[in-house]
Amino acid sequence: MGVTHARACGKVILLGEHAVVYGRPAIAVPVPSRQVEVQVRDTPPGSGTAILACDLGTRYLAGTCNVDEHGRFLLAAVEGVLRATLLHDGPHGAPRPTWPDLEIQVRSQVPIARGMGSGAAVSAAIARGVAAHLGASLSRERLSELVYATESLLHGTPSGIDNTVVAYELPVWFRQGLGAQPFAVGVPVTLVIGDTGIASRTRESVALVRRRWEADRLRLEALFDAIGDLVQRGREAIAQGDLPALGEAMDRNQALLEALDVSDPALERLIAAARRAGALGAKLSGGGKGGCMIALTVSEAAASVEAALRAAGAGDVIAARIGKSGAS
Ligand code: PMV
């Protein structure tokens, strides 16, 4: 058999991170210019399932004991597909996958640990690739569930927003329990993403917010409510094509994320630079404490916002656009 290719893209959260873990809505958009690419090929009988994480220069072989946390995460995506497509065996309804003889190469342009959903994108691309190679079909709903299950290994308590936006590849308004809700886009929205270059582990920032919530539930619930209101306002602004109102919602969301203590000086330096260069609004995106920020601009100002972010020390600058028919 030949080689099967599959891919998945990164994402950013426009409004509502962290509060979304506590049942408030959030808006996320795919970033098609940053992709994870996967190649799946057959290997000789008895080889088992191997995953080659090309960017890390690491090879993981399923069922062996030298598999670290990262390898377990990658292999969980394969196992999820095997279970979902019933290509497994095992006694008494306790399925245990028979690892097929495959080599899965993974290459990612989605920066790791920067709030761009790299974990969700990697597991979605692996799941798509393995399913296609084995001739199995995987609905977007099933893919989203499967990516959620692998994300839970990394994050503990993911809200479900990353797997949803990555599986559907559509801008979504998301609330736990309601799944993906597409929303109206009145005018195209231009975003510029700036990477602080600082790795941030979502699990840690989510745990930090959990500790703050446990210490003062009243205050944190009020902050989450205020963020939820901004998400609603942002959704209306996008539908009406009111970009200044969307920018204002983003700025206010950033202030609330600072109050939650998930921002940091490197993010705030980039956010301030973007605003000075004419961005309509800017905020951190994802878990925070490093990672990426996003700025909203009119398309004519995008180049100067990009230049300002680079001058302020952004390691990488990425443009993303939400058109009336999706992201590009
Ligand atoms: O850092 P990312 O890209 O995994 O985004 C996390 C978003 C949070 O709201 C902080 C967590 C979640 O599960 O929704």
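All ligand and atom numbering here is 1-based and tracks the order in the structure. The structure presented is a predicted model; accordingly, all values stated were derived computationally and were not measured. We number each residue from 1, following the sequence as shown.
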Sole candidate of Val231, Leu246, Val172, Val12 that passes side-chain contact (heavy atoms from CB on, under 4.5 Å) when paired with Ile27
Val231
Aromatic plane relationship, Tyr60 with His70 - under 30° parallel, 30 to 60° tilted, over 60° perpendicular:
tilted
I'd like to know if Glu103 pairs up with Arg41 as an ion pair, taking the criterion as any Lys NZ or Arg NE/NH1/NH2 lying under 4.0 Å from an Asp or Glu carboxylate oxygen.
yes
Taking the basic N atoms (NZ, or NE/NH1/NH2) and the acidic carboxylate oxygens, is any pair closer than 4.0 Å for Lys283 and Glu258?
no
Protein residues that have a heavy atom under 4.0 Å from any atom of ligand 1, sorted by chain and number:
Lys11, Ile13, Glu17, His18, Val20, Val21, Gly115, Met116, Gly117, His155, Pro158, Ser159, Ile161, Asp162, Thr202, Val206, Gly286, Gly287
Pairing of Arg210 and Glu214 as salt bridge, 4.0 angstrom limit
no
Taking NZ, NE, NH1 and NH2 as the nitrogens, is one of them in Lys289 or Asp264 under 4.0 Å from a carboxylate oxygen of the other?
no
